[in-house]
Amino acid sequence: YQGKRGTADIVVYTGERTAHPTQWLVVQAELRHALERDELVLCYQPKVRLADGTICGVEALVRWQHPERGLLPPSEFLPAAEQSGLIEPLTAWVLRRALADQAAWTAAGRDWTVSVNVSARNVEAADFTGVVESLLAEFGTAPDRLILEITETAMVDDKVTALTAIRRLADGGVGFSVDDFGTGYTSLDRLRGVPLVELKIDRTFVATVLDEPENQAIVHAVIALSRGLGCRVTAEGVESAEIADWLAAAGCDEAQGYYYSRPMPWAQISVPMPEEAIR
Ligand code: C2E
Ligand code: MG
Ligand code: MG
Ligand code: MG
């Protein structure tokens with residue numbers, strides 16, 4: 001899976017937090033093994049309807065159970081995966097795991113969507129629609145139970161392939177969501193012609209919304225924009241009841257955040273959960 005861009009002269013450190021800065025090349029080699037050895041794990045974070053506090057879906061968030069370094073967050077390995085082309089098998093793994101789990105909770109009577117984050121590089125790959133369509137067929141998933149989260153940067157590269165893939169999957173019923181909305185490089189022009197079911201307001205706007213009038217203005221504007229586009233709007237990073245109440249009053253549809261639940265393993269989320277206890 002060594003991608004065209006995975007050149008050998010790239011030496012980038014994965015972050016200041018690492019005591020011994022790890023080269024991407026090392027991460028890439030290890031990640032290749034991790035995929036083979038099934039060391040990746042998915043956590044799920046509930047998405048909650050602000051109107052009544054019920055769960056309407058979950059977002060899948062990948063982690064790497066590293067044999068020596070412990071449970072690694074995506075920031076420790078996704079950049080290396082994107083650089084090397086490993087993002088394609090990684091995303092395929094995430095989609096397969098998420099749709100398998102989604103089939104299990106659907107069978108248990110839970111009508112939850114599953115949101116999966118995809119990189120620009122995935123959407124631009126020639127076989128992306130084929131991968132998604134065959135997994136939907138394999139698990140018998142209703143396409144509208146799957147939401148693919150793309151960042152604004154995925155729409156910046158004016159790639160015809162990306163838009164063609166999005167349109168084709170959306171025509172088949174798959175939902176598309178713009179993640180971290182407001183932090184990317186998109187001009188609003190990019191949103192035209194992209195069939196969206198959701199805008200997700202980045203948590204940098206949400207976290208301090210009670211104290212910062214600018215963020216209130218931004219959140220109001222994104223809510224109004226989503227209304228105009230005819231899609232839902234979700235706030236990410238909701239950490240308090242006060243913020244949830246403010247968002248509900250502002251007309252936000254859905255919320256995610258530590259206030260409701262941290263991302264957790266499916267085994268924990270699948271434990272019968274009194275819906276009313278969420279809020
Ligand atoms: P994201 O898609 O915007 O996901 C939200 C991130 O915010 C997650 O971090 C989540 O754990 C965190 N979060 C949720 N609620 C709160 C809160 O109330 N407060 C704070 N401070 N943080 C909160 P995580 O899991 O580390 O993921 C980081 C990013 O990595 C994701 O941002 C997404 O862009 C990317 N990512 C995660 N899983 C995947 C994946 O399977 N594939 C791809 N391509 N990207 C992924
Ligand atoms: Mg996301
Ligand atoms: Mg996000
Ligand atoms: Mg984010």
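Computed over heavy atoms, backbone and side chain alike; hydrogens, waters and symmetry mates excluded. Just so you know, ligand 1 is whichever comes first in the structure, and atom 1 is the first atom listed for that ligand.
If you look at T91 next to ligand 1, there are no close heavy atoms at all, none under 4.0 Å. Looking at Q45 against ligand 1, only its side chain comes within 4.0 Å, counting heavy atoms.
Under 2.8 Å from the Mg ion (ligand 2) lies no N/O/S atom of S115, from backbone or side chain alike.
For Y44, the ring pair (Phe, Tyr, Trp, His ring centres under 6.0 Å) test picks out W105, with sequence neighbours left out.
Restricting E59 to its N/O/S atoms, the shortest distance to the Mg ion (ligand 2) is reached by OE2. Restricting D179 to its N/O/S atoms, the shortest distance to the Mg ion (ligand 3) is reached by OD1. Here the N, O or S atom of E236 that is nearest to the Mg ion (ligand 3) is OE1. Summary: OD1 is the N/O/S atom of D180 found nearest to the Mg ion (ligand 3).
Checking A98, S119, A235 against atom 44 (N) of ligand 1, the nearest heavy atom belongs to S119. One option in V62, L90, L78 has a heavy atom closer to atom 36 (N) of ligand 1 than any other, and that option is L78. For atom 42 (N) of ligand 1, the nearest non-hydrogen atom from the set V206, D180, D179, N117 comes from N117.
Annotation: side chain of F176 is not in contact with side chain of I147 (no heavy-atom distance under 4.5 Å).
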